[in-house]
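Residue numbers begin at 1 in each chain, while the letters A, B, ... track the order of the sequences.
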2 protein chains.
Amino acid sequence: MHPTNLLIRKLECFHPLSGADRALLESISKPIIEVPARHDLVQEGETPENVFLIVSGFACRYKLTAEGRRQIMAFFVPGDFCDFQVFILNQMDHNIGTLSRCHVVEMSREDIVTLTEHPAIGRAFWWASLVDAAVLREWIVNLGQRSAYERIAHLLSELLIRLRVVGQVRDNSSYTLPITQGDLAETMGLTIVTANRVLMKLREKGLITVSGRELIIHDVKALESESGFDPKYLHLQQYASPL
Amino acid sequence: MHPTNLLIRKLECFHPLSGADRALLESISKPIIEVPARHDLVQEGETPENVFLIVSGFACRYKLTAEGRRQIMAFFVPGDFCDFQVFILNQMDHNIGTLSRCHVVEMSREDIVTLTEHPAIGRAFWWASLVDAAVLREWIVNLGQRSAYERIAHLLSELLIRLRVVGQVRDNSSYTLPITQGDLAETMGLTIVTANRVLMKLREKGLITVSGRELIIHDVKALESESGFDPKYLHLQQYASPL
DNA sequence: CGCCAGTTTGAGTGCGATCAAAACTAGTGG
DNA sequence: CCACTAGTTTTGATCGCACTCAAACTGGCG
């Protein structure tokens, strides 16, 4: 599959693109780069000239505190741009790194500028970055107001929707979550022990099954209602409900 | 003082504006509206056509959870735009409301479009919104990794810098913080009792004094180091250090 | 002067952290 | 094919920060 197909699919959640716009996106022919797990794509303090489009695997934004603890602030899943806009700032204030092995496409500032000169594409990119910000806000609510159990249930619910948009969900309820429980803990502001106990509880309740890196959600409605999940903040115009 | 002066001052932290650009911003003559405390400027579900520029007072972004708890996700201080970009989305996924009595200027979508047609102003607006996102990310770190004491010390440190940029700090260490301890708790993901005990501790340690809504920071360095505060994420080019 | 929002204090509880170790898994090389 | 290893998951025991509930205090305002 062409690397921008996922991107196109995601952008069209906002508004259909014209054939010309789709063709333009598909005309991008950049090498697909394989990046191992736990490898930084961009580091704090750098002035990145390029942005990365995730084709497969999971990446994240993260910061390290003075005490060496890591807080993950965003997940990047297939079809996501890692920060197509931060490059207006002179210096990265955080890192972007892979969680799993990833395939990425690297695009230059000029590539982005060329694309955004097409109004529909520019608008779609802007929209995508506003949704990123909306997700960030919802994560604040997650960290500030919800229990460990609710936080994790909420994240799993969110990922189900985001991955469905880019066709990475099987049977409407199952997807690959290629991260460790340690990564999950660092995302949710919890310890690895608590993250593990929450996952156990979700399994005991029969809500999910985890085997290898495959997650099966047996009761989507329950997961959503127990975590207070409401997909409105993802601002999807379509694909919001199961296909 | 002209209502856009604070805005100009803030935008120039990024890059100096030309006289023409400054003049354009100063030529805006919109009525200054007084809004009482605890009053919503924009509500969830709405499709706002206008954005608000805060001239005085504090406002915030917030969400209410299903259980009726409030999480504040951002502070708006004088010189800040409440969401000049969210209006590309069809529906607000959160509320914007005042914390204290505020003076605001309401600007239409057309006003913003007119302004952003000037490249330097457009770039400065974009920059400001990227800094907003950077603050949001740092708040995630705050909520996820720091103790109640560190969180509040960090917030007070951040506000010192942000308010200094717009000339709202006296003696390099004192500013008006027109919010209740309840608001503070809802910002930090804490209860009001914990927020109060942290403030007491900060006072016992001699780091701050609070009287009325006036905050005096007696030891900025200590406050910053105890909270792991590093102003890099605010991306200031100037005003970063005391004037 | 009384009212009310906001602040302060106290007592008890519990969620999630910490510390520690065992069990499992997958990848590696003999 | 099987030890060996490193990373990850799981479990147990204890601790403490922050929550909850409750009540008293303070200060501004009509």
- [ ] Considering just the side-chain nitrogens and oxygens of N196(A), establish if one lies under 4.0 Å of OP1 or OP2 belonging to dT9(D).
- [x]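 So the side chain of N196(A) is outside the cut-off, no N or O lying under 4.0 Å from OP1 or OP2 of dT9(D).
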
Under 3.5 Å, is there a donor-acceptor pair between the side chain of [X] and the main chain of [Y]?
X	Y	result
Q71(A)	T187(A)	yes
T98(B)	H39(B)	yes
N95(A)	E44(A)	yes
E150(B)	N142(B)	no

- [ ] State which residues pass ring pair (Phe, Tyr, Trp, His ring centres under 6.0 Å) with F81(B); sequence neighbours excluded, sorted by chain then number.
- [x]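 In terms of ring pair (Phe, Tyr, Trp, His ring centres under 6.0 Å), with neighbours along the sequence ignored, F81(B) is linked to F125(B).
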
Task: Rounded (10°) bend between the five-pair end axes of the helix from dC1(C)-dG30(D) to dG30(C)-dC1(D) - done: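 Roughly 30°, once rounded to the nearest ten degrees.
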
Open item on the list: Which label fits H154(B) and F229(B): parallel for a plane angle under 30°, tilted from 30 to 60°, or perpendicular past 60°?
Closed with: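 Correct class here is perpendicular.
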
Open item on the list: Please encode protein proximity along nucleotides 17-30 of chain D as a string of B, S and -, counting only heavy-atom distances under 4.0 Å.
Closed with: -SSBB---------

Open item on the list: Measure CD1/I152(A) against C1'/dT9(D) and give the value in whole Å, please.
Closed with: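 That distance rounds to 14 Å.
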
Open item on the list: Output the rounded distance in Å from CZ (R38(A)) to C1' (dA6(D)).
Closed with: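 Computing the R38(A):CZ to dA6(D):C1' distance gives 13 Å.
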
Task: Check: T176(B) and Q168(B) side chains under 4.5 Å, non-hydrogen atoms - done: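 No. Closest side-chain heavy atoms not under 4.5 Å.
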
Task: Minimum side-chain heavy-atom gap F75(A)-E158(A) below 4.5 Å - done: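 In short, these two side chains do not touch, never coming nearer than 4.5 Å.
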
Task: Derivation and outcome, salt bridge (Lys or Arg N to Asp or Glu O under 4.0 Å), residues R146(B) and E138(B) - done: CA-CA 11 Å; R146(B) 294 198 254 261; E138(B) 187 65 29; 2.6 Å; yes

Task: Side-chain H-bond candidate by donor/acceptor type, T180(A) with D183(A), under 3.5 Å - done: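 The answer is yes; a qualifying pair exists.
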
Task: For L160(B) against V169(B), the heavy-atom pair lying closest together - done: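 The pair with the smallest heavy-atom distance is O-CG2, 3.5 Å.
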
- [ ] Might you point out which heavy atoms bring L156(B) and Y175(B) nearest each other, and give the distance in Å?
- [x]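 The pair with the smallest heavy-atom distance is O-OH, 2.8 Å.
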
Task: Nucleotide interval of DNA chain C bounded by contacts with chain B (heavy-atom cut-off, under 4.0 Å) - done: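 The contact span of chain B on DNA chain C goes from dG6(C) to dA11(C).
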
Could you pull out every donor-acceptor pair under 3.5 Å between side chains of residues 220-228 of chain A and any protein atom, sequence neighbours left out?
unit_1: S225(A); atom_1: OG; unit_2: K221(A); atom_2: O; d: 3.3
unit_1: S225(A); atom_1: OG; unit_2: A222(A); atom_2: O; d: 3.3
unit_1: E226(A); atom_1: OE1; unit_2: Y149(A); atom_2: OH; d: 2.7
unit_1: E226(A); atom_1: OE1; unit_2: K205(A); atom_2: NZ; d: 3.4
unit_1: S227(A); atom_1: OG; unit_2: L223(A); atom_2: O; d: 2.9
unit_1: S227(A); atom_1: OG; unit_2: E224(A); atom_2: O; d: 3.2

Open item on the list: Heavy atoms within less than 4.0 Å of DNA chain D: which residues of residues 202-213 of chain A have one? Give them sorted by number.
Closed with: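 Going residue by residue through residues 202-213 of chain A, the ones with a heavy atom under 4.0 Å of DNA chain D turn out to be R203(A), R213(A).
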
